[in-house]
Asks: 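The structure is given below, and queries will be raised subsequently.
Computed from heavy atoms alone, side chains included, the values below leave out hydrogens, waters and symmetry copies. Order of appearance sets the numbers: ligands from 1, and atoms from 1 within every ligand.
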Amino acid sequence: MVKFVADSSCDLFELPGVDNFVAVPLVISTDERTYTDNRSLDLPEMLDYLAAYHGRSYTACPSPDAWLQAFGGADEIYVVTITSGLSGTTASANVAKGMYLSEHPEAKVLVIDSLSTGPEMRMILEKLVELKNLGKTFEEVEKEIAEYTKHTHLYFVLKSLHNLSQNGRVSKVVASAVGFLHINILGIASPEGTIAPINKARNEKKVLETMMDEMAAAGYKGAKIRISHVQNEEFANRAAEAIRNRFGTTDVLVYPTTGLCSFYAERGGILIGCECD
Ligand code: X90
């Protein structure tokens with residue numbers, strides 16, 4: 001049996017039309033509470049609680065055991081993880097892979113470090129499903145997905161870097177340079193899978209223009225777009241519309257983030273994955 005597995009930073013608990021998909025949760029916590037990023041997470045409640053909470057908050061990646069449970073029973077497993085540049089999730093998945101293969105030597109497990117998160121992980125998952133639906137072998141999928149990920153990118157527009165800087169995922173220098181309200185921080189997942197700020201502006205329209213200039217420069221010509229948003233569907237839809245108008249894009253989906261990306265991208269933030277030439 002084939003299984004598609006990702007950590008919950010892919011913003012999906014289900015992959016439309018796919019019944020052998022499992023999302024393995026990361027955990028968000030404070031010294032008082034723990035939120036597991038699964039289907040039962042009450043996202044508005046978590047965001048309200050965190051906004052009012054003044055202590056530190058943290059996240060934790062899935063344990064190898066949690067991955068093993070998700071692999072359960074399958075003999076061909078495709079795993080997509082959040083960037084190893086910012087999280088121990090990929091390392092944990094690789095430990096689980098080793099354990100699984102020693103128990104099931106005939107199985108095949110591919111761990112794909114997305115060097116990204118959210119919508120770019122979704123695009124990788126959708127591509128994996130597409131390749132398997134075409135009847136590709138494990139080895140063919142491995143090769144083709146490596147090629148595919150050379151042409152995908154993740155952009156983001158965030159309203160705050162508080163949680164990223166508090167948890168050491170962006171430097172204090174970068175965070176303090178944008179440390180005031182009503183600013184939009186435009187960034188990209190760097191080739192090393194870290195956060196690379198590109199620009200900042202008060203005006204959302206301007207930020208979207210700059211982002212689309214960057215996309216065009218990276219070879220974007222109107223292929224697939226996936227946009228997740230932290231309770232800001234309106235801005236996400238405007239981004240989708242702007243991209244459609246400029247590039248003639250037809251394959252665009254807009255949907256909410258789940259717990260992990262909501263925590264780090266923070267209320268109002270959007271993440272945009274795109275396929276370039
Ligand atoms: O605890 C853990 O292991 C999880 C740590 C995750 C840290 C980063 C999450 C980023 C979420 C923010 C904007 C896009 C970042 C681009 C990544 C290269 C979303």
Asks: Please work out which of Ser87, Ser116, Gly118 has its closest non-hydrogen atom nearest to atom 3 (O) of ligand 1.
Replies: Ser87
Asks: Tell me: protein heavy atom nearest atom 14 (C) of ligand 1, and distance?
Replies: Phe156 CD2, 3.5 Å
Asks: Closest non-hydrogen protein atom to atom 8 (C) of ligand 1, residue and atom name please, with distance?
Replies: Leu86 CD1, 3.8 Å
Asks: With heavy atoms of Cys61 as the reference, note each atom of ligand 1 found under 4.0 Å away.
Replies: 1 (O), 3 (O)
Asks: If the threshold is 4.0 Å, N to carboxylate O, is there a salt bridge linking Glu140 and Lys143?
Replies: no
Asks: Less than 4.0 Å between a side-chain N and a carboxylate O, is that true for Glu126 and Lys224?
Replies: yes
Asks: In the protein, which heavy atom is nearest to atom 15 (C) of ligand 1, and how far is it?
Replies: Ile195 CG1, 3.8 Å
Asks: State the atoms of ligand 1, each with its element, that fall below the 4.0 Å cut-off from a heavy-atom position in Leu26.
Replies: 2 (C), 4 (C)
Asks: Using distance alone, determine whether Thr59 and ligand 1 share an N or O pair under 3.5 Å.
Replies: yes
Asks: Counting distance only, does the side-chain N/O of Asn184 pair as donor-acceptor with the main-chain N or O of Val207 below 3.5 Å?
Replies: no
Asks: Compare Pro191, Ser92, Ala189, Ser8 and give the one whose heavy atom is closest to atom 18 (C) of ligand 1.
Replies: Ala189
Asks: Taking the basic N atoms (NZ, or NE/NH1/NH2) and the acidic carboxylate oxygens, is any pair closer than 4.0 Å for Glu266 and Lys159?
Replies: no
Asks: Could you tell me if the ring centre of Phe4 sits under 6.0 Å from that of Phe21?
Replies: no
Asks: In the protein, which heavy atom is nearest to atom 13 (C) of ligand 1, and how far is it?
Replies: Leu271 CD2, 3.8 Å
Asks: For atom 11 (C) of ligand 1, what is the nearest protein heavy atom, given as residue, atom name and distance?
Replies: Tyr264 CB, 3.5 Å
Asks: Would you find a donor on one side and an acceptor on the other, under 3.5 Å apart, between the side chain of Lys221 and the backbone of Glu275?
Replies: no
Asks: Under 4.0 Å from a heavy atom of Ala60: which atoms of ligand 1 are those, numbered in the order shown and with their elements?
Replies: 1 (O)
Asks: So, do Phe138 and Tyr78 have ring centers that fall under 6.0 Å from each other?
Replies: yes
Asks: Could you see which bit of Ile82 sits under 4.0 Å from ligand 1, with heavy atoms only: side chain, backbone, both or neither?
Replies: side chain
Asks: Check ligand 1 against Gly193 and write out every atom of the ligand that is under 4.0 Å from a heavy-atom position of the residue.
Replies: 18 (C)
Asks: Between Arg226 and Glu120, does any NZ, NE, NH1 or NH2 come within less than 4.0 Å of an OD or OE carboxylate oxygen?
Replies: no
Asks: Are Phe13 and Val22 connected into the same hydrophobic cluster when the rule is that any two of I, L, V, M, F, W, Y join if their side-chain heavy atoms are below 4.5 Å apart?
Replies: no
